[in-house]
Structures are given as structure tokens and as C-alpha cells.
Amino acid sequence: MSFRRRGEVLNGTGARRADPRGLPGRPLAGREIPQRESPPVGAGRTVPPTSQFAKLNIDNDVVSNHPGIRPSPATSQQTTSTGCQDLDRLLGHMGLPLGNSLLVEEKTTTEFNTVLCKVFAAQGIVHNRIDSNKTGNTHLIVVSLDQSFSKQLPGTYKGSKKDIKRSKIAEEESKLTVQNLAEQAQPSRYNDLRIAWRYKLTDGASKDENPVYNAEEYKNYSNQFDITTRLMPAPTPQEISFVSPVQPLQTVLGQIDRIITQNKGKLIRILVPSLLHPAMYPPHMFKLSGVVSLVHGLRGIIKKHQSRCALLATVSADMLSDFMISQVENIFDSVLTLEPFDQEMLKFLERAYKSQPNKVQHGLLHVLKLPVFSERGEMHVAKSEFAFKNGRKRFEIEEWGIPVEDNEDAGGNPSSSSSSTQSALRNDSTNPQSADAPGSNTTVNLDF
Amino acid sequence: MSAVQRQDLVVFNDHSVVSDQIFQNGFHHLITITASPFTSPTWLINSLVESQILGRPYSLNADSSAAQGHSRPVTVGSFVHEPQLFHNALGRLKVAPQKYKVVDLVTDLVVKSLGKPRSKVYSDILQQFPLQNQSVIVLEQPELLLSLLEGSTSDEIHSQLITPLMKRCSVLILTTSVYDDSEDATRDSLEFSRFTLNCIYKSIVVMSLRPLETGRANDVTGTLRITRGGVRSPVHVVENEYLYLNQKETTRLFYR
């Protein structure tokens, strides 16, 4: 019996040996080895793996091992994070697949979509700065007049005040000082655990709240941003490019295409914040031919460079006609709608979550199209199934459910409500005229 | 739904999807597929292309005893989807890329058409489709030209693009997205309605994809309704309505 080393290459350049367990030259039924074309004998030099990948038509434009790209768990397509982890999850791919576009519409006059724009932009800059290479790995294109946008990007969330203090202490302890060397003999954490074990706190690492994101393999894929802080230092022109929408359409599309070509090998994130904002777009863009041409042109560019481009656009839906919105939606790969709650609903939620004010949602999120899935023909319209809330450190999206109002008056003094209901009913029975005017005396308090 | 309820797609009376008889006598026919904005007809286009090249839509129909049609050259053009999407989907259906052609009408269409007269844009698009008898052309969402070309009308697109395109092949399969708001009476929306109505009027068959009226469900994606169009078909059209489920790149049909 002979053994073969595990590291040895099985598929040699010579003719394949017949399987010793079967008939000579005939593979076992159902166990056929895929036939591969062996290189000609005497070729000598082995083909490097990179050129083999090139033959397979795998686009090696984007730098390999990009921290901001991972395969989609659903379709294995290359995907990049939007900067909002809940949005990544909602899209069904743990991000936005490359070569795809996302439109976020917002109803009423609120500006929640700007939060999504800023985290999308900030995520690209953070990815770019992870790379030790001076040229970077990501470039952001913003179609906007507002150049101060780059100074408004949020910084990464560094944890709560306690966490920041703890990290500072750890940093101090890691420094090489006489005091630290003396304390190293007995780690201080054992002193802490004398009390901690009573509360069943484990010695190991804290529980992994989000295993998909905290996986070691994609640890830099998505970051959490604190919208009250600023990304320091602010992005430079090497990281972010602004394209003015006030130019002729051909110039706008040409500039974007040129920037993509110039940043060869980089992941390109295109951002169109507040599409058709009256202060930024010329009047002719508000015609159907203007806006559809712009969006179709952008789609053409993304599909042309689909191995390294992704697009996020936001629009205020109330400014445009339903027909125009439907035509714009038709061109995007995925569409979401934010519908903020009115004041009455917000007051109700604040009452319902009196003891937990951080649970108050700010609006509903409707899903109209999801990337790749909707293109295949699947129907993913989900209206009023999700709600969003914007916090300092997260833009959260969760399943929507109407909360039960915890009315203390009704619960604390049930006799009063029942007596009032009874008196109302009594009035109905004693007053025959009430039957003629049903709306006047039949109001019953239905507080739960 | 159990596998027993699964149905095959049959459009014509001779148990075919696109009957061989309509390719005879040198006529030019139109088949229209209408779809709501959130039920993309990509799977149906792929199945129809597969049926024209392989003779039968193997991915959709399980009945192997059904008659096999002839293989015909197919050209696909889309104003919304890039050619790679069709290559990937048809590759998965084991359709050889030499058997069909995909015309790219997405990349640089806007840049190329800006500043040109509309008639030149239409003729440029037409030139990309080969003139072949007994062939099939699939055109996805040509109504986008109403938005892209300022001043274009439904009648103009029909007279300068759709009708000449029909003359380049035996069967033109045209898909269009339907905007359903009866209260919207703007000029643009009326032109869109007019375009769809013209297509239905010229068609021998209309296939209509709609989402389920009761909302989203896990076991049904929507309905596929097959009806006769405005033009009399040489082969009787089997009017029918199917439920369909689109899941993980496969589609199954069920009787309503």
C-alpha cells in the first residue's frame, strides 16, 4: 500500500491513471471525475493562478481582499455594505450587490434619508482608510452641489462612555511602564471576577450580538456610525468627487464615467442625495425626459462597470407626480419608501413606550423592490411591515407592530370606567331619543 | 402547493407555447407581455427564448411527452436589463450563447441619443436587430423611449420602431410595464396608456403578469393571464389564468 502526501498535486501533466479499484480506463458509475483538459506534454511551465482566473472572465478590476466586499449569502454575488446594518439585512444580501442601484423615497418633509446617505458615504471613506496602500481601495462620487457634504459625514461609533474609558485604560496599561510591569504579575481581571462569578458573568469574551457582522472574516465590512460626531479627518478629493447636476446631462454622465475609469481597481460608490431637489437641479430636469434620462444614464454606467459600482439615490416623493415616481422606480433595481409618522402617531407611541423612550419608532418603511430578487420576477412588496427609528448611533429597521397603550388611569381605577360606561348605557336605555341620534350619546370609552 | 397541481404553460391550441403554424405564410405577428411594476417578466422572457431555441420551455414545463417545436434564431433587446443578465439566465437554462443574440440598449443609450433627431435614434436601434425570416425578436420595455426622447409619442414609436421591427422577424415578443392609475390624466401617462393599448390591439396573444390581489404570499407570486389580442391568430389561443410561484430562480405554474 502506498500513501500519497496531502499536499501533492493529484492532477499531473501526464495521462490519467486508470482507477485500480474499477475496470482499467473506466471510471466507477456515478463517480466520474470531471474531465479536464490537460496541458500538452512538455509544456514545462505551469500557468500562474492569476492568469487562470483571467481566462474565467473574473473581473480583477477591484483590488483583491477588499474589506468592503463580501459575497451575498443568498446569491453569492459580490456585495458592499450600505453603512446601515439593518438596511443591509433588509436588502437580503447583507448589503447592496455590486452593479445594483437602490432608491430611497421619503414622504412628507422630513430628512431621514440624509442619514442613510451620510452613512453610505462614510462607510466608503472608512473602507478606503483601512487599506494600507496609499492609493486607497474605494472612491465615492456624489452627484450634488453641496460640497460641504463631505464635512458632515459621521464618525465611527467607538462605544458608550464606559467603553471609551475602558479602552483608554487598556491603552494606558499596554504601555511599557514600571507600574504596568509590576501589575502584570497578577492580572487585575481576576480581582474583578471575584465578584463577577456570583453574577454568573463569564470569564470569556462577551456574547457576540451580531455573529454575521462580527465574524472574523468580514470584520471591517460594516461599521457603526455615530451621527453626533464627525469623520476626522474630512475626506480629501482623492477619496470623494463631487459632480454638479447643473451641467448638461452629457457632461454629468461623462464626468462620472471618467472618474470611474480614472480610479481603476477601486470600488466606486455613487451617491445621489436628494434627487431633483429644487435648489440643485435645473428646471428642465423636472420634465419626464430630464429625470428619466439621468437615471437611465446612471444605470447604464453602473451596468457597464458592474463589477465595482453601486448606487444609492434618495428622493422626496411628495415633490414629484406619482407617474414620474413610477417611471424612476422602474429603472432602479431596488426601491424602499420611508413614511414618517405624523405628530399624533408619535404622541401615541411616546405614551405607549413611556418607560422605554428609546423604543419609539419614527416611521414606516415600505419595501417595493429588492435587488436581484425582484429582477428575477419575485414579488417583494411589503407595505407597513417594517418600521424605522433613527438614533444617535444607529438607523434601526425592525418589524412593525402596533404597541398596546398602557393606560394607568384605566388600569388603576377600573370601576370608574365601567361606571361611566354603565351610565352611558343607562342614558341610552332611559332616553328614547338617543335612538334617533346614534352618534350623540353612544360614545363608549374603549380603553384597554 | 403540491407537485401534482403543477401545470405546463400552453398558449396555443396545439399544446405549444409559440405555435409553428404562426411562422408559416410569411406573416409578422406580435405577442405582448404586460407586467405590473413589481412583477418583472424576466423569467417569462427567458422561458419563451428557451422554448424557441430548444423547442420547448424545459425549465417551465415538466411534461416531456409534449411535441417539440423547431429551433429558431432569437434576438433579445432590453431597455432596462444589461446583456449579461440574459447570458447568465439563459446559460443556467443550458441555452448555447451561439443560438441567440442580445442587443445592448442600456449602456450609453442616453449619451448616444442626446442631440440626435428621434428618427435617427429609432433607425439606429432598428439596425441592431438582424433581418431574418422565421426568427423571433424579444423587446423589453420600449415604452421607456417615451420618457427618454423628449417629444416622442406612442404613434411615432409604433410607426417608426415597433412596426418596422415586426417586419424584421416572424414573431415580435414585446414586454411593457403597465402604470395603473385611472385618475392620472397627464399627457405623459395618457401616452403610456395609448402605447400599451396599441400593442394589445396589434397582438395575437396578450400575457399579463400581476401580483396576487390579496397581497404578498409565500406560496404564490402572482397571476399569469393569457388572453387573445386584437388580431386574429391563425391558431386558436387557449385563454387561461395560472398562478405562478417564482422562487430561487425557478418558476412553477399552477391552475387558478
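Every chain is numbered from 1, with letters handed out A, B, ... down the list of sequences. All heavy atoms count here, side chains included; hydrogens, waters and symmetry mates do not.
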Determine whether a donor-acceptor pair (N or O, by modelled atom type, separation under 3.5 Å) exists between the side chain of A/Arg299 and the backbone of B/Val80.
yes
Using a 6.0 Å cut-off, check whether atom NZ of B/Lys101 has over 12 heavy atoms from anything other than its own residue.
yes
Does atom NZ (B/Lys94) have a neighbourhood of more than 12 heavy atoms from anything else shown, all under 6.0 Å?
no
Atom of [X], atom of [Y] and distance for their closest heavy-atom approach:
{"X": "B/Glu249", "Y": "A/Glu378", "answer": "N-OE2, 4.5 Å"}
{"X": "B/Asp188", "Y": "A/Phe323", "answer": "CB-CE2, 3.4 Å"}
{"X": "B/Ser147", "Y": "A/Val292", "answer": "CB-CG1, 3.5 Å"}

I need the [X] [atom1] to [Y] [atom2] distance, nearest 0.5 Å.
{"X": "B/Leu109", "Y": "A/Ser293", "atom1": "CG", "atom2": "OG", "result": "9.0 Å"}
{"X": "B/Ser40", "Y": "A/Asn330", "atom1": "OG", "atom2": "CG", "result": "9.5 Å"}
{"X": "B/Arg216", "Y": "A/Met379", "atom1": "CZ", "atom2": "CE", "result": "7.0 Å"}
{"X": "A/Asp333", "Y": "B/His81", "atom1": "CG", "atom2": "NE2", "result": "7.0 Å"}
{"X": "A/His380", "Y": "B/Thr39", "atom1": "NE2", "atom2": "OG1", "result": "12.0 Å"}
{"X": "A/His296", "Y": "B/Ser113", "atom1": "NE2", "atom2": "OG", "result": "9.0 Å"}

Which atoms of [X] come close to chain A, meaning under 4.5 Å heavy atom to heavy atom: side chain ones, backbone ones, both, or neither?
{"X": "B/Glu150", "answer": "both"}
{"X": "B/Leu85", "answer": "side chain"}
{"X": "B/Gln141", "answer": "side chain"}
{"X": "B/Tyr179", "answer": "side chain"}
{"X": "B/Leu105", "answer": "backbone"}

Heavy-atom pairs under 4.5 Å with chain B - which of [options] has more of them than the others?
{"options": "A/Gly300, A/Gly377, A/Ser321", "value": "A/Gly377"}
{"options": "A/Ala382, A/Ser326, A/Ser289", "value": "A/Ser289"}
{"options": "A/Val291, A/Thr75, A/Leu249, A/Leu288", "value": "A/Leu288"}

In terms of heavy-atom proximity below 4.5 Å to chain B, should [X] be classed as side chain, backbone, both, or neither?
{"X": "A/Gln250", "value": "both"}
{"X": "A/Lys383", "value": "neither"}
{"X": "A/Leu253", "value": "side chain"}

Largest heavy-atom contact set with chain A, pairs under 4.5 Å, which of B/Tyr244, B/Phe79, B/Phe38:
B/Phe38
Trace of the side-chain contact (heavy atoms from CB on, under 4.5 Å) decision for B/Leu144 with A/Ile331
CA-CA 9 Å; B/Leu144 258 178; A/Ile331 299 171; 4.1 Å; yes
For A/Lys304, is there an ion pair with B/Asp108 - N to carboxylate O distance below 4.0 angstrom?
yes
Are any of the side-chain heavy atoms of B/Val111 and A/Asp257 separated by less than 4.5 Å?
no
Report the C-alpha separation of A/Arg376 and B/Trp43 in whole Å, then their side-chain angles, then the decisive distance to 0.1 Å, and conclude whether the side-chain contact (heavy atoms from CB on, under 4.5 Å) test is met.
CA-CA 6 Å; A/Arg376 281 182 196 160; B/Trp43 64 271; over 6 Å; no
